[in-house]
Amino acid sequence: EELINGDKVFRIHAESESHIHALKELERDVDSGLDFWTHAVSTEQPVDIRVPHSRLYALKDFLKKNNIPFTVIINNVQELLVREREEMVRNAE
Amino acid sequence: VERQTKSFNFAAYHDLETIYNFMDTLVASHSNLISKVNIGSTYEDRPMYVLKFSTGGEKRPAIWIDAGMHAREWISHATAVWLADRIATDFKENRAPVPSILSKMDIYLMIVANPDGYVFTHRSPNEFYRLWRKNRSATSNPKCNGVDLNRNWDAEFSGPGASDDPCAEHYRGPFAQSEIEVQNIADLIMNHGNFKSFMTLHSYKQLLMYPYGYSGNDAPDRTELHDVATQASRALNSWHGTIYKVGSIFHIIEPASGASVDWAYQRGIKYSFAFELRDTGEYGFLLPADQIVSTARETWYALRYIMQYVCDHPY
């Protein structure tokens, strides 16, 4: 079972073209393990990324280094998944 | 085994088998109105079904609605299940405007446009991947399966907002309509030849969108499409006050080439819209099941407005 305990979802607010450029570069790195739920397109649209626990510090460092503001909108994705699966089991019963 | 749609739990997420069983039950309960059309098979050889709501006639003007093209967007499948039941019961109980719409047009509703991906999102415990988006076809990279079905249509394929990397979430595939799931839907629509509206249900944050996705240029019918979408979003808002943003795919979500709505519009289906249903904030792709029915109902108000408009504005 793939456990994603500790995965968070970041909402990133690009404020300049250089932020967008940096986020696009990040997205191109397929080894990063990041799951882009929305993509870096403009300063008007936030970018949501599911971040594996093992990548949290690397991403935070990256964002801080590039001065890109972000918030955490889901603290632990696995918790939501567990809740959802419990409900599925109850419904199946 | 006695089966009844009225005992079906619409406030729950269900696996593919349960949804397919529900479709059979619905068809059996409304055999004068609904038929189940098998439009082909998926990459992993699962059948693909469309519910056809029709009061008769050959190749009448028709409305297309699909859900679940992105596997993890479970609220879209669940909404489509509820919609199927609602259309059937509104017709049966002669509740406006469904009977008058169906007296002139057919409705095709596809509840699960990406069955392989949907099954994959339910697999457990060994292959659990609830947040899978694409289908499951093999790609040029043996480590990365799957093509994003909403980047695979023959609409400026390989343009902006799609990736040529099989490992990317929005991998477009090797060529336009390389994916059997997309080809099956495209074949049905082209062979029919008389679709007047094409609507696709997705989920993330509340948006109602129209072409184009591949370009920031205005579509020729942009003004009318914007007005229709604005009115539809007001109808939707009347239920819970949910606020939708309205605009072109390119401008209000992101550039997206190879998208189904652009494909439909480019083939003359003027009233082409994409919905991003409520599924946001704390719950990306994990909307609590107790919000399914309210989401479905508000979506129905928007769809109903658009269907009525399409019916009243033949072209």
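Chain naming here is simple, since letters A, B, ... match the order of the sequence lines and numbering starts at 1 in each.
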Inset, instruction - Verify, without hydrogens or angle tests, whether Glu254(B) (side chain) and Val41(A) (backbone) share a donor-acceptor contact under 3.5 angstrom. - result: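 Checking the backbone N and O of Val41(A) against the side chain of Glu254(B), no donor-acceptor pair under 3.5 Å is found.
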Inset, instruction - Could you tell me whether the side chain of Gln45(A) and the main chain of Ile252(B) form a donor-acceptor pair under 3.5 Å? - result: yes
Legend entry - Heavy-atom pair count under 4.5 Å with chain B, highest-scoring of Met88(A), Glu44(A), Arg83(A):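 Max contact count across the listed options: Met88(A).
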Inset, instruction - Would you mind telling me which of Asp48(A), Val9(A), Asn75(A) has the largest number of heavy-atom pairs within less than 4.5 Å of chain B? - result: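 Among Asp48(A), Val9(A), Asn75(A), the one with the most close pairs to chain B is Asp48(A).
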Inset, instruction - Verify whether one side chain among Asn91(A) and Tyr13(B) offers a donor that lies under 3.5 Å from an acceptor in the other. - result: no
Legend entry - Residues that Asn152(B) engages under side-chain hydrogen bond (donor to acceptor under 3.5 Å, both in side chains), provided they are two or more places apart: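 Testing Asn152(B) for side-chain hydrogen bond (donor to acceptor under 3.5 Å, both in side chains), a comparison that skips the adjacent residues, returns Ser178(B).
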Legend entry - side-chain hydrogen bond (donor to acceptor under 3.5 Å, both in side chains) involving Ser76(B) - partner list, sequence neighbours excluded: none
Going from [atom1] on [X] to [atom2] on [Y], what distance comes out if it is rounded to the nearest 0.5 angstrom?
X: Ile74(A); Y: Phe285(B); atom1: CD1; atom2: CZ; result: 9.0 Å
X: Ile253(B); Y: His39(A); atom1: CD1; atom2: NE2; result: 8.0 Å
X: Lys205(B); Y: Thr38(A); atom1: NZ; atom2: OG1; result: 5.5 Å

Counting only heavy atoms closer than 4.5 Å, note whether [X] contacts chain A via side chain, backbone, both or neither.
X: Arg133(B); answer: neither
X: Lys143(B); answer: neither
X: His70(B); answer: neither

Inset, instruction - May I ask you to decide if the ring planes of Tyr204(B) and Trp37(A) are parallel, tilted or perpendicular, using 30° and 60° as cut-offs? - result: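 Answer is perpendicular, since the angle exceeds 60°.
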Legend entry - Contacting moiety of Glu27(A), where chain B heavy atoms sit under 4.5 Å: side chain
Legend entry - Heavy-atom pair with the smallest gap, counting every atom of Glu84(A) and Leu286(B): OE1-CD2, 3.5 Å
